[in-house]
K.L.:
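Questions regarding the structure given below will be posed in turn.
Note that the coordinates shown come from a computational prediction; the quantities given were computed from them, not determined experimentally. Hydrogens, waters and symmetry mates play no part in the numbers below; they use all other heavy atoms, side chains included.
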Amino acid sequence: MNRLSWNEYFMEICKLVAARSTCDRAFVGCVLVNKDNRIISTGYNGSIAKNPSCDEIGHTMRDGHCIATIHAEMNALLYCAKEGISVTGSKAYVTHFPCLNCTKSLIQAGISEIYYLEAYRIDEYALELLDRNGIKYEQIV
């Protein structure tokens with residue numbers, strides 16, 4: 001048996017995390033990994049804790065987006081903020097390319113690399129920001 005590369009390993013975990021999503025518009029998972037290749041956080045699309053989720057009450061739509069859902073990347077980052085875990089220099093593995101707001105949050109939090117599976121709705125300004133800030137991003141196929 002061939003040993004998985006780090007990228008393959010974390011992306012497989014990312015897909016498993018996505019299976020926990022409670023918004024069926026997109027099953028998205030995120031895994032944050034520190035410089036030592038240790039998982040520091042995971043996140044998936046879902047509602048605010050202790051609130052009904054899309055799979056229970058349906059979607060709350062505005063401008064083509066479900067506003068009840070917190071994106072996977074934000075859930076992973078918010079856990080770190082809540083627990084006082086630094087993400088500076090860490091890598092983000094995501095099943096879908098991050099939306100513009102998640103891209104901005106990942107940059108601001110200090111993420112140094114982003115790996116993704118699906119090239120989903122890639123925003124040109126998100127790419128510009130990643131390039132301008134020297135953040136590596138790569139699609140894993």
K.L.:
Taking C-beta and beyond as the side chain, do Tyr120 and Val28 meet within less than 4.5 Å on heavy atoms?
P.N.:
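Of all side-chain heavy-atom pairs linking Val28 with Tyr120, none is under 4.5 Å.
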K.L.:
Assess, by modelled atom type and distance only, whether the side chains of Lys91 and Asn37 contain a donor and an acceptor separated by less than 3.5 Å.
P.N.:
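Indeed, the side chains of Lys91 and Asn37 share at least one donor-acceptor pair under 3.5 Å.
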K.L.:
Spell out, as yes or no, whether a donor-acceptor pair under 3.5 Å connects the side chain of Ser21 to the backbone of Cys23.
P.N.:
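Side chain of Ser21 to backbone of Cys23, a donor-acceptor pair under 3.5 Å: no, none is there.
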K.L.:
What I'd like to find out is whether the side chain of Ile140 reaches to under 4.5 Å of the side chain of Glu138, using heavy atoms alone.
P.N.:
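Answer yes - side chains close enough.
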K.L.:
With Arg132, which residues qualify under salt bridge (Lys or Arg N to Asp or Glu O under 4.0 Å), at least two apart?
P.N.:
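Listed in chain order: Glu128.
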K.L.:
Stepwise, does the side-chain contact (heavy atoms from CB on, under 4.5 Å) test hold for Tyr115 with Gln139?
P.N.:
CA-CA 6 Å; Tyr115 297 94; Gln139 185 173 17; over 6 Å; no
K.L.:
Could you label the plane-to-plane angle of the Tyr93 and Phe10 rings as parallel, tilted or perpendicular, counting under 30° as parallel and over 60° as perpendicular?
P.N.:
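Answer is tilted, since the angle falls between 30° and 60°.
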K.L.:
Checking Asp55 against Ser53: is there a side-chain donor and acceptor pair closer than 3.5 Å?
P.N.:
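A donor-acceptor contact under 3.5 Å links the two side chains.
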K.L.:
Would you check if the side chain of Asn133 reaches a backbone N or O of Ile135 as a donor-acceptor pair within less than 3.5 Å?
P.N.:
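The answer is no, because no donor-acceptor pair under 3.5 Å joins these two groups.
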K.L.:
Determine, using ring centers only, whether Tyr116 and Phe97 are less than 6.0 Å apart.
P.N.:
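Ring centres of Tyr116 and Phe97 closer than 6.0 Å.
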K.L.:
Has Ser90 got a side-chain atom pairing as donor or acceptor with Ile111's backbone, closer than 3.5 angstrom?
P.N.:
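Looks like no, no N/O pair under 3.5 Å.
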K.L.:
Between Ile39 and Ile13, is the side-chain contact (heavy atoms from CB on, under 4.5 Å) condition met? List the steps.
P.N.:
CA-CA 10 Å; Ile39 295 171; Ile13 294 170; 3.7 Å; yes
K.L.:
Let me see the working for Thr103 and Tyr125 under side-chain contact (heavy atoms from CB on, under 4.5 Å), right down to the final yes or no.
P.N.:
CA-CA 10 Å; Thr103 297; Tyr125 187 60; over 6 Å; no
K.L.:
Donor-acceptor pair, Asn51 side chain versus Ser47 backbone, under 3.5 Å?
P.N.:
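Pair absent, no side-chain N/O of Asn51 close to backbone of Ser47.
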K.L.:
With under 30° as parallel and over 60° as perpendicular, where do the rings of Tyr9 and Trp6 fit, or are they tilted in between?
P.N.:
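Geometry flag for Trp6 against Tyr9: perpendicular rings.
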K.L.:
Output a table of donor-acceptor pairs, distance under 3.5 Å, between side-chain atoms of residues 58-84 and any protein atom two or more places apart or on a different chain; print 'none' if there are none.
P.N.:
| residue | atom | partner | partner atom | Å |
| --- | --- | --- | --- | --- |
| His59 | NE2 | Asp24 | OD1 | 2.8 |
| Asn75 | ND2 | Tyr44 | O | 2.8 |
| Asn75 | ND2 | Ile70 | O | 3.4 |

K.L.:
Which atom names give the shortest non-hydrogen contact between Gly29 and Val17, and what distance separates them?
P.N.:
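Result for this residue pair: CA-CG1, 4.2 Å.
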K.L.:
Evaluate the side-chain contact (heavy atoms from CB on, under 4.5 Å) criterion for residues Val94 and Cys30: first the C-alpha distance (whole Å), next the side-chain angles of each, then the deciding distance (0.1 Å), finally the verdict.
P.N.:
CA-CA 4 Å; Val94 194; Cys30 178; 4.1 Å; yes
K.L.:
Counting only N and O atoms by type, is there a donor-acceptor contact under 3.5 Å from the side chain of Asp36 to the main-chain atoms of Arg38?
P.N.:
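Checking the backbone N and O of Arg38 against the side chain of Asp36, no donor-acceptor pair under 3.5 Å is found.
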